[in-house]
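First the structure, in the form of structure tokens, and then the observations on it.
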Amino acid sequence: PDGAVFRLVHVGGAVSQRVPPNGVIAFVPRTASNLLTVEDNPGSPFLPSVDVPANGYQLYNLQAAGVYGPVSVQGEWSAAAVQRTVAGLAFVSGVYVFGSYFLTGAHRGHNRTRGSFDQVEVLRPVVRGRTGGGGYGAVEVAARFAYLDFDSENLPPDADGRPIGTRLYEFTAGVNWYLNSYTRVMLNYTAGVPDKVGFGPTTAHTYGVRTALYW
């Protein structure tokens, strides 16, 4: 903390070399919103699930985040380079950027012990808690853009022998209302644009309302 303004800068990265124990790597992309499907399967309806025979693979990650009072930005890039057993290198990757702003003057919470973002401390809670009640809570507006590239020419084909490659663009806009430091309501809109090789792009729209309780 610097006076009345909370400041935070976070940077990170990781590289690892891995060998699959059974000689096969399974990619099962998950959804950005669990409201995209009505099934119990958490896999993405747009990106393919694929098993890749491989001798080994490397995982890469870069991340950064910054907070200055009510303003917050962050981004992350992840990738996997796979040495296929009977083909060349397959490379898949994804990146996102995120930004939010508190209209009511709060800021994103941070846990110094874990070194991670945490609950938001609501200064004027609507629902009575440790700090009283009778206020308007905290309101946060947020936006996120994500891009995932599963269009590597060395990925195995699908069950019909067609290229499995797909690129996915996702844009999400949302409003979070924190009733107190332990309760929030989230309203999200997501536009997903999958662009599958041989089919071209299409668009799916998702509207979601969720609640979260922390204890």
Side-chain angles (χ1 to χ4, degrees), residues 10-65 74-99 116-117 142-174 186 188-208 210:
H10 164 92
V11 292
V15 178
S16 63
Q17 171 69 42
R18 306 191 179 195
V19 177
N22 57 355
V24 177
I25 301 170
F27 286 105
V28 184
R30 298 184 180 273
T31 60
S33 170
N34 58 6
L35 301 176
L36 280 175
T37 64
V38 294
E39 303 171 349
D40 291 332
N41 181 4
S44 169
F46 305 128
L47 293 175
S49 297
V50 57
D51 293 333
V52 184
N55 299 317
Y57 62 107
Q58 297 85 39
L59 296 180
Y60 305 94
N61 177 271
L62 294 173
Q63 56 186 252
Q74 73 180 56
E76 187 172 4
W77 171 81
S78 295
V82 182
Q83 287 76 43
R84 289 199 58 192
T85 305
V86 294
L89 180 72
F91 190 83
V92 296
S93 63
V95 63
Y96 75 85
V97 290
F98 162 87
S116 62
F117 287 110
R144 181 180 187 270
F145 174 78
Y147 168 71
L148 297 100
D149 187 353
F150 267 61
D151 190 18
S152 175
E153 62 181 9
N154 288 324
L155 286 175
D158 62 18
D160 297 323
R162 296 174 298 191
I164 204 168
T166 304
R167 295 179 179 179
L168 176 61
Y169 307 83
E170 286 186 331
F171 173 77
T172 300
M186 298 163 282
N188 286 340
Y189 161 73
T190 299
V193 184
D195 187 0
K196 183 172 175 56
V197 173
F199 290 87
T202 186
T203 304
H205 304 276
T206 302
Y207 302 87
R210 295 177 292 169

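Quantities reported herein were computed from a predicted structural model and do not represent experimental measurements. Scope of the values below: all heavy atoms of this structure, side chains included, with no hydrogens, waters or symmetry mates.
Not counting sequence neighbours, Phe117 has no partner by the ring-ring contact (aromatic ring centres under 6.0 Å, His included) test. With sequence neighbours excluded, the residues satisfying side-chain hydrogen bond (donor to acceptor under 3.5 Å, both in side chains) with Asn61 are Gln63, Glu76, Ser78. The side chain to side chain contact (heavy atoms under 4.5 Å, CB included) test applied to Leu148 returns Leu47, Leu168, not counting sequence neighbours. With sequence neighbours excluded, the residues satisfying side-chain hydrogen bond (donor to acceptor under 3.5 Å, both in side chains) with Ser116 are Arg114. For Arg84, there are no salt bridge (charged side-chain N to carboxylate O under 4.0 Å, His left out) partners at least two apart in sequence or on another chain. Here Tyr60 pairs with nothing under the side-chain hydrogen bond (donor to acceptor under 3.5 Å, both in side chains) rule; sequence neighbours left out. Asp149 meets the salt bridge (charged side-chain N to carboxylate O under 4.0 Å, His left out) test with Arg167; sequence neighbours excluded. Looking at residues two or more places apart in sequence or on another chain, you find no ring-ring contact (aromatic ring centres under 6.0 Å, His included) involving Phe145. Shown here are the side-chain hydrogen bond (donor to acceptor under 3.5 Å, both in side chains) partners of Glu153, two or more places apart in sequence or in another chain: there are none.
The shortest heavy-atom contact between Ala65 and Gln74 is CB-CB, 3.5 Å. Across all their heavy atoms, Ala191 and His205 have their closest contact at CB-ND1, 4.3 Å. Between Pro201 and Asp195, the shortest heavy-atom contact is N-OD1, 3.5 Å. Residues Val50 and Pro156 share a closest heavy-atom pair of CG2-CD, 3.9 Å. What you find for Ala142 and Phe98 is that their closest heavy atoms are CB-CE1, 3.9 Å.
Leu155 pairs in a side-chain contact (heavy atoms from CB on, under 4.5 Å) with only one of the listed residues (Thr166, Val82, Ile164), which is Ile164.
A distance of 8.5 Å separates CZ of Arg144 from OG1 of Thr190, quoted to the nearest 0.5 Å. One distance of note links OG1 of Thr203 with OH of Tyr169; it measures 11.5 Å at 0.5 Å rounding.
No donor-acceptor distance shorter than 3.5 angstrom exists from the side chain of Ser93 to the backbone of Ala79, with no hydrogens or angles considered. Between the Asn154 side chain and the Leu89 main chain, a donor and an acceptor come within less than 3.5 Å of each other.
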For residues 51-59, which side-chain donor-acceptor pairs fall under 3.5 Å, sequence neighbours excluded?
| residue | atom | partner | partner atom | Å |
| --- | --- | --- | --- | --- |
| Gln58 | OE1 | Gln83 | NE2 | 3.0 |
| Gln58 | NE2 | Gln17 | OE1 | 2.6 |
| Gln58 | NE2 | Gln83 | OE1 | 3.2 |

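Note on ring orientation: taking the six-membered ring where Trp is involved, the planes of Tyr189 and Tyr207 are tilted (angle from 30° to 60°).
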